[in-house]
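As the structure is a computational prediction, the values presented were derived from the model and not from experiment.
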Amino acid sequence: MSFKDLPAEIYGHIIKDYETENLDQNVSAKNRLKRTLTLCHITTRFRQAALAHDSLWSTIHLHWPSDAVDLYLAHSERHRLRNLSIFLDTRSAGTRNMKAKQERWASFLSKELKNTASLSIKIQHKQGSPALADALNQTSAPRLIDLTVDLDQRAHDDFGIRSLLACDAPLLRNAHIHANLNHNLHAFTSMRKLVFRIGHHNFKGLMEMLANLPPSLRMLRLKGVDIWDGQLLPRPPTVPSLLDECTHLSIEAVEAHRVAFILSNISFPRLSRLQIFEEMVEMQDNTLSLSIFGTLPRLVPSTEPRDWLYLGLFPKRLIVEIQGYRFQSDWKKFEVLDRPLFQQTIIRAFRAPATTIFFQPPCLTVENAASAHEQPHINALLEEVLRTYPSTRSLEIKGNATPIVQLVCDAQPVVLPNLVDIRTTPMSGSKRATECDPDYIAKLKQTTQLELVRD
């Protein structure tokens with residue numbers, strides 16, 4: 001049987017498999033259009049099968065040529081689709097006839113948001129318009145589940161976008177809002193996840209916005225802007241914000257003292273997962289600010305025992321992680337001038353699990369990936385850190401293992417008195433083997449009866 005004579009249901013299976021492999025959400029707008037329309041140029045019967053396959057026509061990129069948008073819309077209307085996925089990236093639309101394009105996009109959104117389940121809007125500098133803002137401000141989205149609004153950081157007024165979706169999107173669950181102004185999101189009563197961009201334009205009113213988040217929120221992710229103008233911290237609110245049902249919080253690319261300000265003014269009674277990716281700050285009194293001492297105690301006690309600790313030292317950053325908590329601090333933006341102060345700050349951060357929540361893990365992982373010129377300073381630092389965790393029975397080493405094995409062999413009194421297992425594994429995100437001086441591998445067995453196991 002030739003391809004043109006295959007049953008229609010076989011065509012349907014072919015199209016479904018093709019869609020799965022070639023038309024996922026990560027495919028570019030240009031390729032989606034090309035690959036979909038290709039299906040309509042094979043045979044007459046296959047074209048009919050493609051036109052009848054409704055999911056092919058439910059994803060529309062508004063920056064496509066207008067005739068392509070009209071074609072997709074016509075087929076979606078013919079199938080009476082109520083779950084459209086709409087994308088707009090003004091950067092991909094070019095600059096010619098921009099005003100006409102903005103009017104067309106606004107008209108589409110005003111008419112079709114009622115049938116949209118997923119909406120992603122990215123507006124670049126000088127490419128917003130009053131018409132587009134009105135459509136996004138004044139149009140309800142009764143079926144919308146996922147929303148992304150990404151507005152250029154240079155647009156201080158958010159292109160006039162003030163009140164998203166007329167505050168009427170009762171099914172909205174996931175929102176990614178990269179804006180320069182704060183938004184009142186209290187009306188979105190089904191929201192479970194919020195990703196929100198913070199910076200110097202909206203930090204002053206951030207606490208008020210967080211206080212008005214819907215009680216349904218489970219996951220909150222705050223991401224700092226690329227360029228943050230210097231500003232003083234605002235006056236803290238009289239009463240901390242309460243996010244009663246929020247269990248997951250992530251704060252990224254924010255200076256340490258701002259992280260501390262945020263966490264000290266929000267209450268999370270059910271917080272079980274906290275991730276901090278902050279920038280170390282040198283304060284006016286010449287101290288180095290880290291938020292770990294105030295953020296680590298915010299975790300709710302786990303129902304499962306926490307039995308491992310990870311400590312990582314890299315060029316220009318450090319990481320501390322236990323179950324439910326990951327802390328990363330980097331110092332890329334300033335030069336270390338006071339070496340003793342800096343080293344003590346690192347030691348205090350690595351000791352924080354023991355000193356703040358009295359955590360003594362049976363399993364400890366240490367990754368020594370500091371740069372070569374930092375290695376001479378590492379031994380004293382590592383010894384003080386390792387002595388903080390005498391409970392360690394299993395030690396995993398990544399990176400440069402020699403200083404750690406040397407401490408286990410030579411330090412007096414014994415640095416890890418309960419150690420029964422020591423092994424090396426490849427460095428994080430790499431197949432590169434962990435390195436250790438062969439002389440110390442032999443000495444380890446002689447002095448401690450431990451063998452260094454290589455994974």
Novice: Is the number of heavy atoms from other residues, nucleotides or ligands under 6.0 Å of Glu245 CD greater than 12?
Specialist: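 It does: Glu245 CD has more than 12 such atoms within range.
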Novice: Whether the side chain of Ser264 engages the backbone of Phe261 through a donor-acceptor N/O pair (distance < 3.5 Å, no angle test) should be reported.
Specialist: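 Yes: the side chain of Ser264 pairs with the backbone of Phe261.
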Novice: Angle between ring planes, His183 versus Phe196, binned at 30° and 60°: parallel, tilted or perpendicular?
Specialist: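 Because their plane-to-plane angle is over 60°, the rings of His183 and Phe196 count as perpendicular.
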Novice: First locate atom CG of Asn83, then atom CD1 of Ile145, and finally report the distance between them rounded to the nearest 0.5 Å.
Specialist: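 Rounded to the nearest 0.5 Å, the CG-CD1 separation comes out at 8.5 Å.
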Novice: A side-chain contact here means heavy atoms from C-beta on lying under 4.5 Å apart; do Asn368 and Ile397 qualify?
Specialist: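 Sidechains of Ile397 and Asn368: no contact.
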Novice: So, taking the atom named CZ in Phe359 and the one named CG in Leu299, what distance separates them when rounded to the nearest 0.5 Å?
Specialist: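 Between Phe359 CZ and Leu299 CG, I get 11.0 Å after rounding to 0.5 Å.
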Novice: Is any NZ, NE, NH1 or NH2 atom of the basic residue among Asp244 and Arg270 found under 4.0 Å from an Asp or Glu carboxylate oxygen of the other?
Specialist: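 Answer for the salt bridge query: yes.
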Novice: So with a 6.0 Å cut-off around NE2 of His200, is the heavy-atom count from everything else above 12?
Specialist: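 For His200, atom NE2 is crowded (more than 12 foreign heavy atoms under 6.0 Å).
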Novice: Strictly distance-based, threshold 3.5 Å: is any side-chain N or O of Arg351 a donor or acceptor partner for the main-chain N or O of Val385?
Specialist: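 Looks like no, no N/O pair under 3.5 Å.
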Novice: Do Arg35 side-chain atoms and Asn22 backbone N/O form a donor-acceptor pair below 3.5 Å?
Specialist: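 A pair under 3.5 Å: yes.
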Novice: Determine, step by step, whether Gln127 and Phe159 satisfy the side-chain contact (heavy atoms from CB on, under 4.5 Å) criterion, reporting the C-alpha distance in whole Å, the side-chain angles of both residues, the deciding distance to 0.1 Å, and the verdict.
Specialist: CA-CA 8 Å; Gln127 291 186 326; Phe159 303 107; 5.8 Å; no
Novice: Scan for side chain to side chain donor-acceptor pair (under 3.5 Å) pairs involving residues 210-221, sequence neighbours excluded, and state none if there are none.
Specialist: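 Listed by first then second residue: Arg221-Glu252.
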Novice: Between Leu132 and Leu88, does the side-chain contact (heavy atoms from CB on, under 4.5 Å) criterion hold? Intermediate values first, please.
Specialist: CA-CA 11 Å; Leu132 194 54; Leu88 171 60; 4.2 Å; yes
Novice: Without hydrogens or angle criteria, can the side chains of Asp421 and Ser394 be said to hold a donor-acceptor pair below 3.5 Å?
Specialist: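 Judged by distance alone, the side chains do pair up.
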Novice: Determine, stepwise, if the pair Leu62 / Val69 fulfils side-chain contact (heavy atoms from CB on, under 4.5 Å).
Specialist: CA-CA 6 Å; Leu62 296 185; Val69 173; 4.3 Å; yes
Novice: Do you know which two heavy atoms are closest between Pro215 and His186, and how far apart they sit?
Specialist: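 Between these two residues, the closest heavy atoms are CD-CE1, 4.3 Å.
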Novice: About how many Å separate OG of Ser92 and NE2 of His61, when rounded to the nearest 0.5 Å?
Specialist: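 Answer for the NE2-OG pair, His61 versus Ser92, is 9.5 Å.
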Novice: Looking only at non-hydrogen atoms, find the nearest pair between Phe293 and Ala349 and report the distance.
Specialist: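 Heavy atoms of Phe293 and Ala349 come nearest at CZ-N, 4.0 Å.
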Novice: Which heavy atom of Ala256 sits nearest a heavy atom of Val281, and at what distance?
Specialist: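 Closest approach of Ala256 to Val281: N-CG2, 3.7 Å.
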Novice: In Å, rounded to the nearest 0.5 Å, how long is the span from CG of Leu419 to OG1 of Thr392?
Specialist: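 Rounded to the nearest 0.5 Å, the CG-OG1 separation comes out at 7.5 Å.
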Novice: With distance as the sole test, does Asn180 use its side chain to make a donor-acceptor pair with the main-chain N or O of Gly199 at under 3.5 Å?
Specialist: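 No, the answer is negative, given that no donor and acceptor are paired below the 3.5 Å cut-off.
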Novice: Is the ring pair Trp331/Phe342 parallel, tilted or perpendicular, if the boundaries are 30 and 60 degrees?
Specialist: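 Aromatic pair Trp331/Phe342 classed perpendicular.
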Novice: Are the side chain of Arg387 and the backbone N or O of Pro413 linked by a donor-acceptor pair below 3.5 Å?
Specialist: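 Here the side-chain-to-backbone pair exists.
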Novice: So, do Val225 and Arg197 sit near enough that their side-chain heavy atoms are less than 4.5 Å apart?
Specialist: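 Yes, side chains in contact.
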Novice: If only side-chain N and O atoms count, and only distance matters, is there a donor-acceptor pair under 3.5 Å linking Asp437 with Thr402?
Specialist: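 There is no such pair between these side chains.
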Novice: Under the criterion side-chain hydrogen bond (donor to acceptor under 3.5 Å, both in side chains), which of Glu396, Lys398, Arg423, Glu321 is the partner of Thr365?
Specialist: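 That would be Glu396.
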Novice: What's the spacing between Asp146 CG and Thr148 OG1 if we round to 0.5 Å?
Specialist: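 These two atoms lie 7.5 Å from each other.
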Novice: Tell me whether the count of non-hydrogen atoms from other residues, nucleotides or ligands lying under 6.0 Å of CZ in Arg298 goes above 12.
Specialist: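 Check passes, neighbour count above 12.
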Novice: Would one find more than 12 heavy atoms of other residues, nucleotides or ligands at under 6.0 Å from atom NZ of Lys16?
Specialist: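 No, because the 6.0 Å sphere around NZ of Lys16 holds 12 heavy atoms or fewer from other groups.
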Novice: Using only atom types and a distance under 3.5 Å, with no angle test, would you say the side chain of Thr90 pairs donor to acceptor with the backbone of Gln124?
Specialist: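 Yes.
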Novice: Counting only heavy atoms not in Lys34 (residues, nucleotides, ligands), do more than 12 fall under 6.0 Å from its NZ?
Specialist: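 No, NZ of Lys34 has 12 or fewer neighbouring heavy atoms, counting only those of other groups under 6.0 Å.
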Novice: Test: salt bridge (Lys or Arg N to Asp or Glu O under 4.0 Å). Region: residues 332-350. Which pairs qualify, not counting sequence neighbours?
Specialist: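 Output for this query lists Glu279-Lys333, Arg339-Glu374.
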Novice: I'd like to know if the side chain of Asn379 and the backbone of Leu382 have a donor-acceptor N/O pair within less than 3.5 Å.
Specialist: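 No: the side chain of Asn379 does not pair with the backbone of Leu382.
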Novice: To the nearest 0.5 Å, what is the distance between CG on Asn115 and CD1 on Ile86?
Specialist: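 With rounding to 0.5 Å, CG (Asn115) is 9.0 Å from CD1 (Ile86).
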Novice: Counting distance only, does the side-chain N/O of Asp152 pair as donor-acceptor with the main-chain N or O of Ile123 below 3.5 Å?
Specialist: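 Flag not set: sc Asp152 to bb Ile123 has no pair under 3.5 Å.
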Novice: Checking the side chain of Arg192 only, and the main-chain atoms of Ser190 only, is there a donor and an acceptor separated by less than 3.5 Å?
Specialist: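 Such a contact is found between Arg192 side chain and Ser190 backbone.
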Novice: Apply ring-ring contact (aromatic ring centres under 6.0 Å, His included) to Tyr72 and list each qualifying residue two or more places apart in sequence or on a separate chain.
Specialist: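 Tyr72: ring-ring contact (aromatic ring centres under 6.0 Å, His included) contacts with Trp57, Trp64.
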Novice: Tell me whether the count of non-hydrogen atoms from other residues, nucleotides or ligands lying under 6.0 Å of CZ in Arg162 goes above 12.
Specialist: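 Yes, because the 6.0 Å sphere around CZ of Arg162 holds more than 12 heavy atoms from other groups.
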Novice: What is the minimum heavy-atom distance between Asp157 and Leu181, and which atoms define it?
Specialist: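 Taking every non-hydrogen atom into account, O-CD1, 3.8 Å.
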Novice: Please answer whether the main-chain N or O of Ser85 pairs with a side-chain N or O of Thr59 as donor and acceptor at a distance below 3.5 Å.
Specialist: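 Judged by distance alone, no pair lies under 3.5 Å.
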